[in-house]
Amino acid sequence: EKTIEKNKKRKVTFAGVLDNNTLQIGETICSNKDVFDKKLARKIATGRAIKKPILKIDLIEGKKITDLFVESCKKLLK
């Protein structure tokens, strides 16, 4: 799970779930009107990673899963 401020107005939470040799990533974006709740955001993002991931990445031998996760989340924010 990684929480990153997006456009300094909204918070984005990413969650990654391993499914066999695939890293599935889900996200949730907090509305400007919501009070940010990290625990709830993580739960929603994890559910989305399982049911309808925004990104699926095949694991690369020799590459750390955490590095793949962080690099992918940064790309998604652009």
Look at atom CG of Asn21 and say whether more than 12 heavy atoms of other residues, nucleotides or ligands are closer to it than 6.0 Å. no
With rounding to the nearest 0.5 Å, note down the distance linking CG in Leu76 to CD in Glu27. 6.5 Å
Answer with yes or no whether the hydrophobic clustering places Val70 together with Leu18; edges join I, L, V, M, F, W, Y residues whose side-chain heavy atoms lie under 4.5 Å apart. yes
State the SG-CG distance between Cys73 and Leu68, to the nearest 0.5 angstrom. 10.5 Å
State, yes or no, whether a side-chain contact exists between Ser72 and Ile25 at a heavy-atom distance under 4.5 Å. yes
Here the pair of heavy atoms bringing Val35 nearest to Cys30 is C-SG, 4.4 Å
Between Arg48 and Thr28, is any pair of side-chain heavy atoms under 4.5 Å apart? yes
Show the numbers, then the answer: is there a salt bridge (charged side-chain N to carboxylate O under 4.0 Å, His left out) between Lys64 and Glu71? CA-CA 11 Å; Lys64 290 183 180 179; Glu71 289 169 11; over 6 Å; no
Do Leu55 and Ile57 come within less than 4.5 Å of each other through their side chains, counting heavy atoms only? yes
Spacing of Lys39 atom NZ and Thr13 atom OG1 [to the nearest 0.5 Å]: 14.5 Å
Non-hydrogen atoms of Ala49 and Ala15 that approach each other most closely: CB-O, 3.7 Å
In one Ile/Leu/Val/Met/Phe/Trp/Tyr side-chain cluster, 4.5 Å: Ile54, Phe69: yes
So how far is it from Asp34 CG to Ile29 CD1, rounded to the nearest 0.5 Å? 11.5 Å
Is there a side-chain contact between Thr22 and Leu59, using heavy atoms and a 4.5 Å cut-off? no
Are Phe14 and Ile44 connected into the same hydrophobic cluster when the rule is that any two of I, L, V, M, F, W, Y join if their side-chain heavy atoms are below 4.5 Å apart? no
